[in-house]
**Q** 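I'd like to ask some things about the structure below.
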Amino acid sequence: MGVAWEPENQHPENQSRSQDRTSGAQAAGGPIRVVVAKPGLDGHDRGAKVIARALRDAGMEVIYTGLHQTPEQIVDTAIQEDAEAIGLSILSGAHNTLFAKVIELLKERDAADIKVFGGGIIPEADIAPLKELGVAEIFTPGATTTSIVTWVNANVRQHAGA
């Protein structure tokens with residue numbers, strides 16, 4: 001996902017600041033479980049790995065699927081892992097197709113309660129249609145890891161019914 005890595009997290013002496021944010025993630029039944037995925041042919045996963053680490057450091061259980069995942073593989077992983085959310089990182093320009101397929105598959109598999117969010121190179125004009133489709137949130141380039149962690153803590157567990 002197109003994000004800015006926060007300088008305070010780059011220094012070992014500040015690692016506890018990231019880890020102190022766990023109260024929301026671990027409240028109400030254990031840590032939030034998030035699948036972070038790179039769908040399609042996009043081979044750039046640095047942002048996805050940064051997000052996966054930030055979510056993990058905030059006390060969440062993160063399953064990173066790796067590169068070149070199909071929507072079917074992503075949904076299968078989310079269901080098998082009892083994930084409460086799927087975070088998609090898309091830089092290829094195929095965001096409309098890939099988000100739509102993931103949402104469609106979740107509905108078909110009776111797993112529409114899994115919240116889908118994502119980020120990457122997504123034009124402003126495409127954000128509203130993606131949200132109408134069922135994508136819960138879109139993070140554009142420059143979003144901070146803190147803002148993503150805060151959003152997941154505030155929105156995922158609430159949606160999952162805990």
Side-chain angles (χ1 to χ4, degrees), residues 1-6 24-25 31-162:
M1 299 177 205
V3 298
W5 181 250
E6 296 160 306
I32 294 170
R33 295 178 61 83
V34 180
V35 168
V36 174
K38 285 293 298 180
L41 299 177
D42 176 15
H44 301 281
D45 64 348
R46 183 175 184 180
K49 288 178 178 178
V50 167
I51 297 307
R53 181 173 178 174
L55 295 172
R56 182 207 62 197
D57 288 351
M60 298 177 209
E61 288 186 23
V62 179
I63 301 93
Y64 175 63
T65 64
L67 292 169
H68 310 302
Q69 298 295 295
T70 66
E72 292 82 4
Q73 290 170 315
I74 294 164
V75 170
D76 286 347
T77 299
I79 291 169
Q80 290 169 6
E81 295 288 343
D82 279 333
E84 297 166 87
I86 297 172
L88 298 177
S89 174
I90 304 174
L91 303 172
S92 65
H95 50 274
N96 289 324
T97 303
L98 293 168
F99 275 113
K101 187 63 176 176
V102 168
I103 297 283
E104 173 189 325
L105 290 167
L106 287 169
K107 289 177 182 174
E108 286 176 8
R109 304 271 312 267
D110 292 324
D113 61 323
I114 298 174
K115 190 163 270 196
V116 177
F117 67 98
I121 307 300
I122 299 172
E124 189 70 33
D126 291 346
I127 294 174
L130 287 170
K131 287 186 174 186
E132 288 173 20
L133 185 69
V135 177
E137 189 61 81
I138 298 290
F139 296 95
T140 55
T144 64
T145 55
T146 299
S147 69
I148 296 168
V149 167
T150 299
W151 182 88
V152 171
N153 274 325
N155 293 279
V156 170
R157 187 55 57 84
Q158 173 186 69
H159 180 71

**Q** Measure the spacing between CD1 of Ile148 and CG of Asn153 and express it to the nearest 0.5 Å.
**A**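 Between Ile148 CD1 and Asn153 CG, I get 12.5 Å after rounding to 0.5 Å.
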**Q** Where the side chain of Arg33 meets the backbone of Ala78, is there a donor-acceptor pair that is under 3.5 Å apart?
**A**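 Not a single qualifying donor-acceptor pair exists.
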**Q** Please tell me if the side chains of Val34 and Val156 come closer than 4.5 Å, counting only heavy atoms from C-beta onward.
**A**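 Heavy-atom side-chain distance check fails, nothing below 4.5 Å.
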**Q** Where do Ala48 and Ser89 come nearest, in terms of heavy atoms and distance?
**A**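 Closest pair (atom of Ala48, atom of Ser89, distance): CB-CB, 3.9 Å.
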**Q** Look up atom CD1 in Ile32 and atom CG in Leu55, then write down how far apart they are to the nearest 0.5 Å.
**A**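 The CG atom of Leu55 is 9.0 Å from CD1 of Ile32, to the nearest 0.5 Å.
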**Q** Taking 4.0 angstrom as the limit, do Glu104 and Lys101 come out as a salt bridge?
**A**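 Looking at Glu104 and Lys101, the cut-off is met.
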**Q** Look at Glu137 together with Lys131 and state whether they make a salt bridge at an N to O cut-off of under 4.0 Å.
**A**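 Result for this pair is yes, salt bridge flagged.
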**Q** Assess whether atom CD of Glu124 is packed by more than 12 heavy atoms of other residues, nucleotides or ligands within 6.0 Å.
**A**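 No, CD of Glu124 has 12 or fewer neighbouring heavy atoms, counting only those of other groups under 6.0 Å.
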**Q** Check this for me: His44, atom NE2, are more than 12 non-hydrogen atoms of other residues, nucleotides or ligands nearer than 6.0 Å?
**A**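 Count not over threshold, so no.
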**Q** What's the separation between atom CD1 in Ile90 and atom CG in Leu41, rounded to the nearest 0.5 Å?
**A**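 If I round to the nearest 0.5 Å, the distance is 12.0 Å.
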**Q** Show the nearest heavy-atom pair for residues Pro31 and Glu84, with the distance to one decimal.
**A**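 Answer, listing the atom of Pro31 first, then Glu84: O-OE2, 3.8 Å.
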**Q** Begin from the C-alpha positions of Leu88 and His95 and carry the test side chain to side chain contact (heavy atoms under 4.5 Å, CB included) through to its verdict.
**A** CA-CA 9 Å; Leu88 298 177; His95 50 274; over 6 Å; no
**Q** Please state whether the rings of Phe139 and Phe117 are parallel, tilted or perpendicular, taking 30° and 60° as the class boundaries.
**A**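 It falls in the perpendicular class, over 60°.
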**Q** Set out, in order, the CA-CA distance, both residues' side-chain angles and the distance that settles side chain to side chain contact (heavy atoms under 4.5 Å, CB included) for Val50 and Arg53, then state yes or no.
**A** CA-CA 5 Å; Val50 167; Arg53 181 173 178 174; 6.0 Å; no
**Q** If you compare all heavy atoms of Ile103 against all heavy atoms of Val135, which two are closest, and at what distance to 0.1 Å?
**A**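 Nearest heavy atoms, Ile103 then Val135: CD1-N, 4.1 Å.
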**Q** To the nearest 0.5 Å, what is the distance between CD1 (Ile74) and CG (Leu98)?
**A**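 Taking CD1 in Ile74 and CG in Leu98, the distance rounds to 7.5 Å.
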**Q** Let's go through Leu106 and Ile86 carefully: what are the C-alpha distance in whole Å and the side-chain angles of both, what is the deciding distance for side chain to side chain contact (heavy atoms under 4.5 Å, CB included) to 0.1 Å, and is it a yes or a no?
**A** CA-CA 10 Å; Leu106 287 169; Ile86 297 172; 4.1 Å; yes
**Q** Would Ile138 and Asp126 satisfy side chain to side chain contact (heavy atoms under 4.5 Å, CB included), going step by step from the backbone distance to the final call?
**A** CA-CA 10 Å; Ile138 298 290; Asp126 291 346; over 6 Å; no
**Q** Got a second to check how far Leu67's CG is from Asp42's CG, nearest 0.5 Å?
**A**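 It comes to 7.5 Å.
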**Q** Is there a side-chain contact between Lys49 and Val36 in this structure, where contact means two heavy atoms from C-beta onward sitting under 4.5 Å apart?
**A**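 Not touching, per the 4.5 Å side-chain cut-off.
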**Q** Are Thr65 and Gln73 packed together at the side-chain level, in the sense that at least one heavy-atom pair is separated by less than 4.5 angstrom?
**A**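 No. Closest side-chain heavy atoms not under 4.5 Å.
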**Q** Tell me the closest heavy-atom pair linking Pro141 and Ile121, and the distance in Å.
**A**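 Scanning both residues, the minimum pair turns out to be CG-CD1, 3.7 Å.
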**Q** Say whether, by atom type as modelled, one donor and one acceptor occur between the side chain of Lys115 and the main chain of Asn155 under 3.5 angstrom.
**A**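 Such a contact is found between Lys115 side chain and Asn155 backbone.
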**Q** Identify the heavy atoms of Ala58 and Val149 that sit nearest to each other, and give their distance.
**A**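 Smallest interatomic distance, heavy atoms only, reads CB-CG1, 3.5 Å.
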**Q** Specify the closest pair of heavy atoms between Thr145 and Ala54, including all atoms of both residues, with the distance to one decimal.
**A**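 Taking Thr145 first and Ala54 second, the nearest heavy atoms are CB-CB, 3.7 Å.
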**Q** Hey, could you give me the NZ/NE2 distance between Lys38 and His68, rounded to the nearest 0.5 Å?
**A**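 So the NZ of Lys38 and the NE2 of His68 are separated by 9.0 Å.
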